[in-house]
Structure formats: C-alpha cells, structure tokens
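Taking it in order: structure first as structure tokens, then the write-up.
Owing to the predicted nature of the structure, the values given are computational and were not obtained by experimental measurement. Throughout, residue positions are numbered sequentially from 1 according to the sequence presented.
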Amino acid sequence: YRSYQTAAFFIVQQKKGKLFYEMGGRYDFKNLNAITISRTLPRKIERFSHFFHNYSLSSGLKYEINDVWESNFNVGYVLRSPEVNELYSLGLHQGVSGIEEGNADLKNEKSLKFVFSNDFHLKKKVFIEVLGYFQNLRNYIYLEPQDELRPTIRGAFPVFEYKQTNATLFGTDILLSYEPVERLKWIAKYAIVRGNDLKNEVSLLNMPADNIFSSFSYAFPNLRKFENSELQLNGRYVFRQDRILEEQDFLAPPDAYFLLGLQANTSVQLAQSSLKFSLNINNLLNATYRDYLNRQRYFADDVGINANIGVKYSF
C-alpha cells in the first residue's frame, strides 16, 4: 500500500490574570492506495483507493483559583481515519498468534471528549490530582473475537474481525504525592475506565481493568563523585476485569494480580564525562499472572521476574 498525508494546524493561547485559554484546530488529508488479494475464489488482484478528510478542534481553560487549587477543563472533537491494517488485514498476525480480518467498509471514527481535572498543592509536601473524562464515539473501531479457531499449516488460531459501533468511554484518574521528609517521596495512583458498546448493549472489549499503583522512593545525597542516586520500591495491583460477558471472548478475563518492582540508579561524574548506572527489576516476587490486555494471555502466563541493568556513558 501507499499512503499520502498532509496536514495544517493552528494554536491560539492567551493568559489574562489567573485564567489561561487555549484553542486549536487541525485538518488532515489522507490518500490511501492498497493492493490486495480477493477473499473469494478464484483469487484475483484487487485495488482500492481511499480519500479521508479529517479535522479536529480543541479548547481548554486553566484557572488558578488560589495558591493551592488549580482547575483545568478541556473539550475536543476528533476524526480518525481507519488504518490500513484495520481495512485490509487478512491472515495470521504472528506477534499475537491470532488471525485478523480487516473491513474495507470502515468509516472515520468521530470522537467528542471532555476532560476536567483539579490540582491541589498543600504546604509543598502534598500534591493531589483528580481527573475525570467522558468520551462519546461514533463508528468506534475495535477488534472483535469470533467464535472460531481456524486451522492452518502452522496450527489452529483464534480469529478476530475489525468492526465498528457507537460507544462511550468514561473514567477517573487519581494521583497523590506526599513527601513526609526531605528526599523521601510516596506516590499513589488509582485509575478506572468504563467502556460501553451502545449498539450491542454490552461492555467494550480490551478496556483496562481497575488498577492501583504505589511507590516509595528515596533520593540519596551526593557523595563524592556519586550524584542523583535514588532507590524506589513500587507495587501495582490490577483488579479482575469483571465487566465482560463470557460469550464476548475466547477466555474469561484472568484473575487479579499484584506485582512488586525495584528501581535503582546513580551517576558517577568523571573529569570530562559521566557514567549512569540503572537497575530495574519487574515482578520481583516472580508472581504467576496473566494481563487482560496482553493477547498472549490466551496461551501462556506473563513474564516472570525480569531484571534489566543499564549503563550510559556521556562524553
């Protein structure tokens, strides 16, 4: 396939006292030319040409109510054209061990999204952010599991089709950061998202499950040539995605799980250069789990304990 795209955009920003205003717009023109093989017998070469006109508009307000409280409101309307894989996939996607079938009749997605957030800074030690959003989508493109395991010379694989529906998305993100003493920081995050398929009156597939993340980090004082030394212990708890009906997917969503992680890094300053060392250990407890958003969950558990060591030399 060949894809040609051009775009133009503008942004207007203005600040008056405690009020900051921003508005923007963008226009995209996309021409997609694809050559495929027919799905029916006898096989033949088929050529398709698409012209997509997309535009997006956004506007936002930020108001500093006082030294502690700041509010933000954003609204945006976006058109997204289908990608070539959503239109013409027809075969095994080896990276996820699934057969995907595109839909050449897909139309542009149309999305209207509202975001409202509040930031609170308390005594320079506590920061709280509460964010909520709502999104209405027309012609939402998604990948739907089919009730089929298709045999091939490489084995039998689950079949997925790209489809469209009308949908709504809404959710909340909460962030809390607390520094009880100098150099010690605690961060906690909680995120939920809900997706509804309005046409079929079911929950949307592939929506992330509710999850909680927390971390404790300590920044060590500089010692001789060692600078920016930090140690962090973090944990993530992911709830079970229990809003999916059994008949919507090949397997029921996996159970909830908890992952513990460790990060450490430091820098060594040399005469005319520096060395940065980093250590990152994921799934420190070697938990057995499957992530709902990982398509390999149909076949195997997720990665166990995983350590990465990095060295960066700057000169």
Side-chain angles (χ1 to χ4, degrees), residues 93 95-100 113 115 128-137 140-149 156-163 165-176 186-216 232-263 280-307:
H93 185 166
V96 293
S97 300
I99 294 173
E100 296 182 2
K113 186 174 184 178
V115 181
I128 302 173
E129 181 184 57
V130 181
L131 180 147
Y133 56 89
F134 175 84
Q135 190 171 6
N136 184 276
L137 298 114
Y140 171 70
I141 300 173
Y142 68 103
L143 197 57
E144 181 183 71
Q146 303 301 298
D147 188 17
E148 178 185 359
L149 290 175
F157 297 92
V159 180
F160 301 82
E161 287 186 12
Y162 283 100
K163 293 191 175 182
T165 189
N166 295 331
T168 58
L169 290 172
F170 59 93
T172 300
D173 294 328
I174 300 174
L175 168 66
L176 171 63
W186 171 58
I187 293 177
K189 302 177 183 178
Y190 178 56
I192 65 172
V193 60
R194 300 288 184 269
N196 296 313
D197 182 336
L198 301 181
K199 284 185 177 180
N200 301 305
E201 298 183 343
V202 293
S203 295
L204 285 177
L205 293 167
N206 298 320
M207 293 290 106
D210 300 354
N211 62 89
I212 300 173
F213 173 85
S214 184
S215 69
F216 289 91
Q232 181 192 102
L233 183 68
N234 59 70
R236 180 184 300 275
Y237 183 82
V238 179
F239 294 83
R240 186 177 185 271
Q241 176 57 278
D242 56 3
R243 293 175 295 279
I244 303 301
L245 301 178
E246 183 177 348
E247 59 268 23
Q248 284 184 265
D249 209 340
F250 294 106
L251 292 178
D255 294 331
Y257 61 88
F258 172 76
L259 300 179
L260 189 67
L262 179 69
Q263 294 182 9
N280 187 4
I281 304 178
N282 297 313
N283 195 2
L284 192 62
L285 302 179
N286 201 30
T288 300
Y289 73 101
R290 299 192 182 195
D291 191 300
Y292 171 69
L293 296 182
N294 186 348
R295 299 245 313 258
Q296 294 291 353
R297 72 179 177 87
Y298 296 121
F299 312 101
D301 293 334
D302 222 304
V303 179
I305 185 171
N306 184 14

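- Nearest heavy-atom pair across Tyr133 and Ile192 is OH-O, 3.6 Å.
- For Asp173, there are no salt bridge (Lys or Arg N to Asp or Glu O under 4.0 Å) partners, not counting sequence neighbours.
- Annotation: the span from Ile174 atom CD1 to Thr172 atom OG1 amounts to 6.5 Å, rounded to 0.5 Å.
- Atom CE of residue Met207 and atom CG of residue Leu169 lie 5.0 Å apart, to the nearest 0.5 angstrom.
- The backbone N or O of Asp197 lies less than 3.5 Å from no partner atom in the side chain of Thr165, so there is not a single donor-acceptor pair.
- For Gln248, the side chain to side chain contact (heavy atoms under 4.5 Å, CB included) test picks out Val202, Leu205, Ile244, Leu245, with sequence neighbours left out.
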Handout entry: Candidate pair Ile281 and Leu260, rule side-chain contact (heavy atoms from CB on, under 4.5 Å), full reasoning
Key = CA-CA 9 Å; Ile281 304 178; Leu260 189 67; over 6 Å; no
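- Between Gly304 and Asn286, the shortest heavy-atom distance links the atoms CA-OD1, 3.4 Å.
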Handout entry: Stepwise side-chain contact (heavy atoms from CB on, under 4.5 Å) check, Asp210 with Tyr190
Key = CA-CA 8 Å; Asp210 300 354; Tyr190 178 56; 3.9 Å; yes
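- For the atom pair CD of Gln296 and CG of Asp291, the computed distance is 12.0 Å after rounding to the nearest 0.5 Å.
- For the salt bridge (Lys or Arg N to Asp or Glu O under 4.0 Å) test, residues two or more places apart in sequence or in another chain that qualify with Arg297 are Asp249.
- Scanning both residues, Pro208 and Arg243, for their nearest heavy atoms gives O-NH2, 4.1 Å.
- In this structure, the side chain to side chain contact (heavy atoms under 4.5 Å, CB included) partners of Asn211, at least two apart in sequence or on a different chain, are Ala191, Arg236, Val238.
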Side chains of residues 156-163: which donor-acceptor pairs under 3.5 Å do they make with residues two or more places apart or in other chains?
{"unit_1": "Tyr162", "atom_1": "OH", "unit_2": "Asn85", "atom_2": "ND2", "d": "3.2"}
{"unit_1": "Tyr162", "atom_1": "OH", "unit_2": "Glu100", "atom_2": "OE1", "d": "3.4"}
{"unit_1": "Lys163", "atom_1": "NZ", "unit_2": "Glu144", "atom_2": "OE1", "d": "2.8"}

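- Annotation: the span from Leu284 atom CG to Ile305 atom CD1 amounts to 5.5 Å, rounded to 0.5 Å.
- Listed by chain and residue number, nothing satisfies the ring-ring contact (aromatic ring centres under 6.0 Å, His included) test with Tyr292 (two or more places apart in sequence, or in another chain).
- Remark: Phe299 pairs with no residue by the ring-ring contact (aromatic ring centres under 6.0 Å, His included) rule, at least two apart or across chains.
- Residues satisfying the side-chain hydrogen bond (donor to acceptor under 3.5 Å, both in side chains) test with Asp301, not counting sequence neighbours, are Arg290.
- Among residues two or more places apart in sequence or in another chain, the side chain to side chain contact (heavy atoms under 4.5 Å, CB included) test is passed with Ala287 by Leu259, Asn283.
- The closest side-chain heavy-atom distance from Pro254 to Tyr289 is not below 4.5 Å.
- Atom CG of Asp255 and atom CZ of Arg240 lie 6.5 Å apart (nearest 0.5 Å).
- In this structure, the side-chain hydrogen bond (donor to acceptor under 3.5 Å, both in side chains) partners of Asp302, at least two apart in sequence or on a different chain, are Asn294.
- In this structure, CD in Gln241 is found 7.5 Å from OG in Ser203, a value given to the nearest 0.5 Å.
- Here the closest non-hydrogen pair linking Ala167 and Leu204 is CB-CD1, 3.8 Å.
- Legend: residues meeting side chain to side chain contact (heavy atoms under 4.5 Å, CB included) with Phe170, ordered by chain and number and at least two apart, are Phe134, Arg194, Asn196.
- By the ring-ring contact (aromatic ring centres under 6.0 Å, His included) test, Phe258 is found to be paired with no residue, residues two or more places apart in sequence or in another chain being considered.
- Taking the six-membered ring where the residue is Trp, Tyr142 and Tyr140 present parallel rings, their angle staying beneath 30° rather than reaching 60°.
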